[in-house]
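One structure is given below, encoded as structure tokens.
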Amino acid sequence: MNNNKVKSEYNIIFFGTSTFAKIILGTLIDSKYKPALVVTAPDRPTGRKQELTPPPVKILAEKNKIPVFQPESLKAAKNKLGKTEPDLFIVAEYGKILPKEVIELPKHGAINIHASLLPKYRGSSPIQFALLHGDQVTGNTIILMDEEMDHGPMLSQEMVEVEENDTTETLRKKLAYHGARLLMKTLPDWISGEITPFEQDHSKATYTKIITRNDGKIDWTKSADDIKKMWQAYTPWPGLFTFWKNKRLKILTFEVVEHDVNNPGEVIRYKDVFAIQTQNNIIVPQKIQLEGKKPQGAKEFLNGHEEIIGMRLI
RNA sequence: CGCGGGGUGGUGGAGCAGUACCACGCCAGGCUCAUAACCUGGAGGUCGCGGGUGCAAUUCCCGCCCCCGCAA
């Protein structure tokens, strides 16, 4: 870690970890709100070889010679953060909850940018839930943090349209850039005291849960449209999968086609490829991947696995 | 040493001790109003690389390279 003094009008500390956070940070770096310190999650072992991998935010911060701090516990880090006499904390998908004592450190408090129209979709997976529910509109909200998760009063909020084929990957990117712009608009007014935080309507709050790998498992008794929404929400991670011959079969891309069904999960022949029955219509896979194999087209897969026709996926 | 699957003609797969089979594609011919078409014939493979054990290895053993699923 280097200790270069970064020139900036304000002493801002940025908390963030993910690619969403990285995009926000990128915008801050190019502005007069360049953070003096970046706090991010510790490196985690990842990949088949368990290599220790730094989070996206750390990579960007180091590239810009901003000091990086990766505490395991924020409570323990309180003193260190307090010594910097911060003006403001900016938090975006950091991954850890900031304890009250930490939130209270900066002169202008801690603000959080959250990718939903709060009080809707509080919690860790707002983007996925907007897609899972088929929302046509979502957005970003900037709040003044309090000790409860995504609960503090709002400073600003802006809508973003969801497009037909948006996935978490594409929508996240859109929201991140949008959120960065919103942040740039909000920051000056907040620091100068022109914004009065606006209490959320807590009676309308909804909550998201952490997405796990198993959320990507397809329940063929659901409707084809619901499965399509799952695909949007769970792309690129954890993706959609089912099981065939005890092997994981990922459905990477597919089409929903109107068709009679009588046995959800059963594979039928459809034109020169195959399709899987759902509760109502059928799903025609385009790109799939069998456990241990590379991704391949449905046609190629069928060349070597004709026997899948008539079988039931679970 | 985290667990596991795999590398076979252009593509996807089966075989797993006696040098290879299936589907698709491709080439030639035929049939059809049409089709996810169909029929007949044909070309195309040093079975990832290097060793070892066998009368004999794509098939067994050892080492290496590459691809991938889980896990995180």
Side-chain angles (χ1 to χ4, degrees), chain A residues 16-22 40-59 68 70-73 93-97 123-125 128 167-169 172 209-220 224 227 230-231 233-263 265-278 281-314:
Chain A
T17 300
S18 66
T19 55
F20 179 89
K22 180 188 148 188
T40 190
D43 294 4
R44 297 291 180 209
T46 188
R48 210 129 38 205
K49 292 269 153 72
Q50 300 265 93
E51 303 135 348
L52 217 53
T53 307
V57 160
K58 180 183 181 183
I59 296 169
V68 172
Q70 298 177 279
E72 276 296 344
S73 159
E93 288 198 356
Y94 172 51
K96 289 180 189 293
I97 292 168
S124 57
S125 317
Q128 288 92 330
T167 63
T168 289
E169 189 173 29
R172 172 188 289 136
K209 67 176 189 68
I210 292 174
I211 308 289
T212 68
R213 178 141 235 133
N214 220 44
D215 288 318
K217 185 171 183 306
I218 298 171
D219 175 358
W220 294 107
I227 294 172
M230 282 176 62
W231 177 79
Y234 299 148
T235 299
W237 190 89
L240 249 48
F241 59 89
T242 184
F243 284 95
W244 176 59
K245 288 185 165 178
N246 287 321
K247 282 188 176 173
R248 185 181 296 260
L249 181 66
K250 289 185 172 180
I251 314 280
L252 301 175
T253 61
F254 62 89
E255 265 180 346
V256 174
V257 174
E258 288 191 22
H259 197 283
D260 291 339
V261 296
N262 55 31
N263 186 13
E266 190 187 317
V267 179
I268 58 172
R269 181 172 283 285
Y270 178 75
K271 295 194 176 172
D272 61 340
V273 288
F274 66 100
I276 304 141
Q277 302 190 32
T278 69
N281 292 314
I282 57 171
I283 273 172
V284 182
Q286 293 167 330
K287 265 211 170 70
I288 61 179
Q289 182 175 21
L290 188 62
E291 184 176 323
K293 294 295 187 178
K294 295 180 192 181
Q296 57 189 225
K299 191 84 187 327
E300 286 73 47
F301 175 84
L302 199 55
N303 277 342
H305 301 286
E306 184 75 24
E307 75 274 19
I308 198 174
I309 304 287
M311 292 181 88
R312 189 127 186 277
L313 304 180
I314 49 170

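In the text below, chain A, chain B and the rest are named by the order of the sequence lines, each starting its count at 1.
Counting only distance, with no hydrogens or angles, the side chain of A/Lys293 and the backbone of A/Ile288 share no donor-acceptor pair below 3.5 Å. Looking at A/Thr40, its side chain does come within 3.5 Å of a backbone N or O of A/Gly16 through a donor-acceptor pair. Formation of a donor-acceptor pair under 3.5 Å by the A/Gln277 side chain with backbone atoms of A/Asn262 is found in this model. In this structure a side-chain-to-backbone donor-acceptor pair under 3.5 Å is present from A/Thr253 to A/Lys287. Between the side chain of A/Trp231 and the main chain of A/Leu252, a donor-acceptor pair closer than 3.5 Å is present. Judged by distance alone, with hydrogens and angles left aside, the side-chain atoms of A/Thr278 form no donor-acceptor pair with the main-chain N or O of A/Trp220 at under 3.5 Å.
Pairing of B/G50, defined by two Watson-Crick or G-U wobble distances under 3.5 Å, is identified with B/C62. The partner of B/U11, taking Watson-Crick or G-U wobble pairs whose two distances both stay under 3.5 Å, is B/A23. Under the Watson-Crick or G-U wobble criterion, with both distances below 3.5 Å, B/G2 is paired with B/C70. Across all strands shown, B/C38 pairs with B/G30; the Watson-Crick or G-U wobble distances both stay below 3.5 Å.
Spacing between B/G10 and B/A43 at atom P, rounded to whole Å, works out to 16 Å. Rounded to whole Å, the C1' atom of B/C60 lies 16 Å from the corresponding atom of B/C55. Straight-line distance between the C1' atoms of B/G25 and B/A17: roughly 32 Å, to the nearest whole Å. Spacing between B/G13 and B/G50 at atom C1', rounded to whole Å, works out to 27 Å. On the P atoms, B/U11 is 36 Å away from B/U32, given to the nearest whole Å. Taking atom P in both B/G63 and B/A37, one finds a spacing of 47 Å when rounded to whole Å. Across the P atoms, B/U58 and B/G7 are found 15 Å apart, a figure rounded to whole Å. The same atom, P, is picked in B/C33 and in B/G69; the two are 49 Å apart, to the nearest Å.
Across B/G13, B/A72, B/G5, the shortest atom-to-atom separation from the side chain of A/Arg213 is found for B/A72. Across B/C68, B/A72, B/U11, the shortest atom-to-atom separation from the side chain of A/Gln289 is found for B/C68. Residue A/Trp237 places its side chain closer to B/A72 than to any other of B/A72, B/A71, B/U11.
Distance, A/Ile288 CD1 to B/U11 P: 18 Å, rounded to whole Å. As a whole-Å value, the separation of A/Gln296 CD from B/A23 C1' is 13 Å. Atom NZ in A/Lys293 sits about 10 Å away from atom C1' in B/U8, given to the nearest Å. Separating the NZ atom of A/Lys299 from the P atom of B/C24 is a distance of 8 Å, rounded to the nearest angstrom. Whole-Å rounding puts the A/Glu291 CD to B/C68 P distance at 14 Å. Rounded to an integer number of Å, the gap from A/Lys217 NZ to B/C70 P is 14 Å. We find that CG of A/Asn246 is positioned 16 Å from P of B/C70, with the value rounded to whole Å. In this structure, A/Asn303 places its CG atom 12 Å from C1' of B/G10, rounding to the nearest Å.
A salt bridge is defined here as a Lys NZ or Arg NE, NH1 or NH2 lying under 4.0 Å from an Asp or Glu carboxylate O, and A/Glu307 with A/Lys245 meets this definition.
The stretch residues 305-314 of chain A comes close to RNA chain B through A/His305, each having a heavy atom under 4.0 Å from the strand. Using a 4.0 Å cut-off on heavy atoms, the residues of residues 248-263 of chain A that approach RNA chain B are A/Arg248, A/Lys250, listed by number. For RNA chain B, the neighbouring residues in residues 266-276 of chain A, judged by any heavy atom under 4.0 Å, are A/Arg269, A/Lys271, A/Asp272.
Crowding of A/Leu52 atom CG: a count of heavy atoms from other residues, nucleotides or ligands under 6.0 Å exceeding 12. No more than 12 heavy atoms of other residues, nucleotides or ligands sit less than 6.0 Å from atom CD1 of A/Ile97.
How far CG of A/Leu302 is from CD of A/Gln296: 10.0 Å, rounded to the nearest 0.5 Å.
With a 4.5 Å cut-off on side-chain heavy atoms, A/Phe241 and A/Asn214 count as touching. Counting heavy atoms from C-beta outward, A/Lys217 and A/Met230 have side chains that stay 4.5 Å or more apart.
Glycosidic conformation of B/G6 is anti; the angle lies outside 90° of 0.
A cation-pi contact, defined as under 6.0 Å to the ring centre and within 45° of the axis, is absent between A/Arg172 and A/Phe20.
Position along RNA chain B of the nearest nucleotide to A/Lys294 versus A/Pro45 favours A/Lys294 as the more 5'-ward residue. Each of A/Pro295 and A/Gly304 has a nearest nucleotide on RNA chain B; the 5'-most of these lies closest to A/Gly304.
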